[in-house]
K.L.:
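Okay, handing you the structure first.
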Amino acid sequence: MIEYVVRRVLYGLLVIALVTVFVFLTLRLIPGDVVRLQLADAPGVTQEQLDARAAALGLDQPLITQLFKFLGDAFTGDFGISFQSQQPVTSIIAERLPITLQLGLMALVISIALGIPLGLLAAYKQNSWLDQSLRVVSVAGLSIPNFWLGLLLVTYLAIWFSWSPPLVYRSPGEDLVSNLTQMALPALALGVSGMAAIARMLRSSLLEVMRSNFVRTVRAKGAPERTVLFTHAVRNSLVPVFSLIGVQVGGILGGTVILESIFAIPGMGSMIFQAVQMRDYPVVLGAVVVFGAVFVTVNLVVDLLYGVIDPRIRYA
Amino acid sequence: MRSLSRIRVALVILMVALLGTACFSPANTGGGGGALDQERPLQQDAGPPQPGGTFRYTLPSDAKSLDPHTQSSYNTHIAIGSTYSKLVDYKTGPDIPYGASELEGDLAETWNVSPDGLTWTFNLRKGVKWHNTAPVNGREFTSADVICTMDRIRALPGQQVGQLATVAGWTAPDPYTVVFTLKTPYAEFDTNMAGHFMWILPCEGTSGQFDLNTQAIGTGAYVMETWNRDRERVLVKNPDYFVEGQPYIDRIQISIVPDQAASLAAFRTGQTDFLSTLSLDKTQAEKVMAEDPDAVLFREAGLTETRVFMNQAKAPFDKLEVRRAVALAIDRKAMVAAIRAGGNETGPVSPTLFGGLPAEESAKLQPYDPEQAKQLLAQAGLPDGFTAKMIVTDGYGANVVREAQWVQEDLAKVGIKVELDVQDYATYFTESWAQKNYDIGYGLQTPFLAADDYLTGEWLSTGARNWYNINDPQLDEMINAQRGELDDTKREQMLLDTQRYIIENVSNPIPLYVYDGLSIYKSYLHDAWSHPDYGTRHQARMWLGPEAPGRTG
């Protein structure tokens with residue numbers, strides 16, 4: 001077990017390093033000169049001033065030197081200084097990561113809390129009108145882009161009910177009610193596609209389990225249908241759902257990039273959005289490393305939980 | 001069969017619901033700006049100003065730093081625009097056209113120039129106090145602070161140095177006088193001192209006793225109480241402001257809301273009192289005006305120029321006939337009416353500025369004449385037209401891309417087939433436009449506040465923003481001559497002649513029109529007379545009526 005975890009952690013580190021290298025190179029390949037961008041609308045800026053700014057940002061070094069310096073520093077938790085705000089990237093991330101994690105967690109809870117009952121209901125009432133309606137809802141949930149749903153929510157709640165979420169972010173410690181009110185809509189917009197995917201996955205997984213031999217045996221023993229479903233079948237059908245939840249985390253983290261901007265939430269997502277526009281390389285790279293680490297960790301935890309759900313899957 | 005019909009029913013219900021949500025419009029927004037035709041102007045005689053209340057609004061992005069000398073960003077300058085002051089600033093008010101160049105004293109009470117145009121003397125106000133915040137602690141503002149500020153502006157690497165390029169030196173003969181000595185006469189030096197970057201800082205800030213990136217301690221009408229980066233800024237009234245009785249509003253709360261829909265929702269639900277032009281376009285303004293009978297529309301006469309620009313180092317744009325053909329092929333009037341909320345045709349200098357060519361004359365000099373455009377192309381040896389790639393950025397918003405498409409269609413009618421190359425702002429600005437790495441382009445020009453900023457920057461062969469490869473010795477001579485002319489009447493004539501020469505003999509970049517900006521206020525907000533400079537000094541004179549929500553005054 002410990003060997004498995006250590007191996008997975010090492011693989012995870014490798015994945016993060018590869019993703020970082022990929023993003024590092026991609027950022028440099030896309031056109032756009034951060035030095036000129038910073039000196040936009042600059043009458044009379046000389047080449048010397050441009051060179052001095054490039055040197056101050058460390059961009060005068062060869063690309064490979066910059067890459068290894070970033071990887072080396074990142075390994076010690078130092079992601080450099082933001083080109084824009086001149087703050088340490090680590091402290092920016094420390095300030096913003098909890099906000100995005102809260103939003104992601106709320107979206108995940110919505111996905112699971114709605115997706116599992118809907119999946120169960122659809123399977124329990126297989127081929128009924130309820131099942132068919134839930135299928136339509138699920139397909140719609142999977143098809144509607146989360147940012148579009150977010151825009152609709154913010155616009156039409158204002159028009160129809162004269163209500164809009166609070167404008168300024170407050171941490172749960174500052175004002176819990178305001179915090180949850182502001183987070184509710186983006187969390188819902190982010191969680192809907194996860195909910196739909198979980199409902200679909202659980203339905204098909206559950207129906208497959210219901211046709212298996214051990215369920216037939218339980219039924220043959222005369223157990224009522226509800227007992228068959230909830231006591232025996234559900235647990236056995238949760239493994240693929242758990243895998244899906246792990247993958248959903250990636251989608252949720254990606255979704256925060258636009259949704260945090262729409263709902264004025266100062267988390268990692270809106271930070272990445274601005275940083276890419278302004279070619280703030282250290283911030284983008286720092287965020288990628290952190291998002292990568294969150295994704296790898298969640299998927300490791302999910303893999304380890306398989307054994308808890310289904311004792312047949314245990315890592316020696 | 002039964003289940004299939006149920007699926008169909010469910011599908012129909014869902015589709016109707018989705019269509020209803022997507023297509024339902026709460027107000028008849030119609031075409032042609034129906035709601036905007038019935039403008040409700042700001043109330044001008046609401047009685048004497050009443051103190052108190054909180055003014056709330058949103059902005060789409062926040063400042064990265066509060067240091068007004070190292071940052072050229074609009075976001076930084078409006079963030080500190082009510083906190084710091086300048087020596088002189090633009091005058092605003094109900095009787096002054098939006099964007100007018102008239103100046104008034106800010107920290108300087110009076111100022112004058114020597115007959116040779118080389119010595120400018122600014123007489124400072126007495127008894128002005130800095131905000132009562134450590135380490136400045138409300139001490140008196142003196143000429144030493146102006147000297148510290150100017151020294152810093154010159155010492156810092158970067159763009160702000162250009163503002164003092166014509167200045168040989170500065171001295172402070174006494175605590176209330178500052179004298180600038182110029183290298184060559186410069187008629188608009190005082191206007192230059194009202195420009196971006198010219199905020200006066202305390203010596204404690206310039207010497208590093210507090211961090212100018214994160215703190216702003218000024219002499220302005222409002223003290224910055226809190227700045228939560230990318231979240232909000234809260235300003236509170238400066239009780240020691242040097243203008244008697246001002247400011248009137250107790251508190252200003254600015255929330256950073258990047259998304260336009262969220263800003264609109266906040267205004268609709270009464271969370272804010274003002275929608276800035278940055279959070280509003282024509283369609284949205286029409287909707288809000290139709291919905292809200294108490295909303296007041298403010299039309300800001302355009303200052304931002306739309307332009308087609310060409311790289312004269314690349315054929316066929318090296319030929320004047322081709323550039324003139326492009327200028328005559330575009331139907332500016334129809335274009336601005338279709339895409340913007342209003343505007344005026346413009347010459348090289350925006351028409352509202354001193355020396356700006358009147359809109360009517362610009363229209364006359366660059367008429368929509370596709371037939372003549374075809375003839376000019378034939379004269380250039382291109383009777384069948386030609387093809388080129390036109391750069392444009394979506395970083396200025398969707399309207400700019402729509403305008404580029406309009407230009408594309410107009411040019412096609414005379415045989416010039418351009419392919420649009422839509423780039424993100426960083427690529428457009430840093431790789432294409434400023435690097436002269438393009439054939440032809442469509443875009444906006446930063447609104448400058450003085451005629452000379454346009455001419456010297458863009459049309460002078462050595463201009464810092466001459467990204468078009470313009471090199472015309474006669475034009476250089478005309479531009480340099482007007483800079484030193486101190487007689488306003490003569491200088492205005494020289495500016496007009498220079499622009500006529502540009503339109504007829506350079507025809508690049510081709511100015512199309514300046515478009516109006518729209519902002520919307522709640523009707524209880526009074527005396528909100530702003531200026532397009534990068535500042536918010538006008539907020540000192542604004543006040544809230546008794547019906548403003550949560551008003552405590």
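Letters A, B, ... are given to chains in the order of the sequence lines, protein chains preceding strands, and every chain is numbered from 1. Computed from heavy atoms alone, side chains included, the values below leave out hydrogens, waters and symmetry copies. Every value quoted in this text rests on a predicted model; they were computed, and no experiment measured them.
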K.L.:
If you draw a 6.0 Å radius around NZ in B:Lys183, do more than 12 non-hydrogen atoms from other residues or ligands fall strictly inside?
P.N.:
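More than 12 heavy atoms, drawn from other residues, nucleotides or ligands, come within 6.0 Å of this atom.
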
K.L.:
For A:Glu95 and B:Arg231: C-alpha separation, side-chain torsions, deciding distance, then whether salt bridge (Lys or Arg N to Asp or Glu O under 4.0 Å) applies.
P.N.:
CA-CA 12 Å; A:Glu95 197 178 300; B:Arg231 285 161 65 177; 5.7 Å; no

K.L.:
Under 6.0 Å from the NZ atom of B:Lys436, do we count more than 12 heavy atoms belonging to anything else shown?
P.N.:
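Result for NZ/B:Lys436: enclosed.
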
K.L.:
Can you tell me which portion of B:Ser61 sits under 4.5 Å from chain A's heavy atoms? Options are side chain, backbone, both or neither.
P.N.:
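Neither part.
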
K.L.:
Sort B:Ala434 into side chain, backbone, both or neither according to what part of it lies under 4.5 angstrom from a heavy atom of chain A.
P.N.:
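Answer is neither: B:Ala434 stays 4.5 Å or more from chain A.
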
K.L.:
A:Leu167 and B:Val257: which non-hydrogen atoms are nearest, and at how many Å?
P.N.:
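So the two residues come closest at CD2-CG2, 3.5 Å.
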
K.L.:
Top residue by heavy-atom pair count (under 4.5 Å) with chain B, among A:Ser164, A:Pro165, A:Ala158?
P.N.:
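Among A:Ser164, A:Pro165, A:Ala158, the one with the most close pairs to chain B is A:Ser164.
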
K.L.:
Which bit of B:Glu431 comes within less than 4.5 Å of chain A, counting heavy atoms only: side chain, backbone, both or neither?
P.N.:
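Only the side chain of B:Glu431 comes within 4.5 Å of chain A.
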
K.L.:
Do any of residues 269-284 of chain A have a heavy atom less than 4.5 Å from a heavy atom of chain B, and if so, which, in residue order?
P.N.:
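Only A:Gln274, A:Gln277, A:Arg279 of residues 269-284 of chain A have a heavy atom under 4.5 Å from chain B.
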
K.L.:
Select one option (side chain, backbone, both, neither) describing which atoms of B:Asn213 are under 4.5 Å from chain A's heavy atoms.
P.N.:
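No part of B:Asn213 comes within 4.5 Å of chain A.
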
K.L.:
Of the backbone (N, CA, C, O) and the side chain (C-beta and beyond), which part of A:Arg170 lies under 4.5 Å from a heavy atom of chain B, both, or neither?
P.N.:
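Both parts, backbone and side chain.
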
K.L.:
So which heavy atom on A:Thr155 is nearest to which on B:Ala261, and how close?
P.N.:
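Looking at all heavy atoms of both residues, the closest pair is OG1-CB, 3.8 Å.
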
K.L.:
To the nearest 0.5 Å, what is the distance between CD (A:Glu174) and CG (B:Asn228)?
P.N.:
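One gets 7.0 Å once the value is rounded to the nearest 0.5 Å.
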
K.L.:
Under a 4.5 Å heavy-atom cut-off, does chain B meet the side chain of A:Gln87, its backbone, both or neither?
P.N.:
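Contact with chain B is through the side chain of A:Gln87 alone.
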
K.L.:
To the nearest 0.5 Å, how far apart are CG in B:Asp259 and CG in A:Leu151?
P.N.:
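If we round to the nearest 0.5 Å, B:Asp259:CG and A:Leu151:CG are 5.0 Å apart.
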
K.L.:
Return a table of donor-acceptor pairs under 3.5 angstrom between the side chains of residues 180-192 of chain A and protein atoms on other chains or two or more places apart.
P.N.:
{"residue": "A:Thr181", "atom": "OG1", "partner": "A:Val177", "partner atom": "O", "Å": "2.4"}
{"residue": "A:Gln182", "atom": "NE2", "partner": "A:Pro166", "partner atom": "O", "Å": "3.2"}
{"residue": "A:Gln182", "atom": "NE2", "partner": "A:Phe263", "partner atom": "O", "Å": "3.3"}

K.L.:
If I measure from the heavy atoms of chain A, does B:Gln435 come under 4.5 Å with its side chain, its backbone, both, or neither?
P.N.:
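For B:Gln435, side-chain heavy atoms alone lie under 4.5 Å from chain A.
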
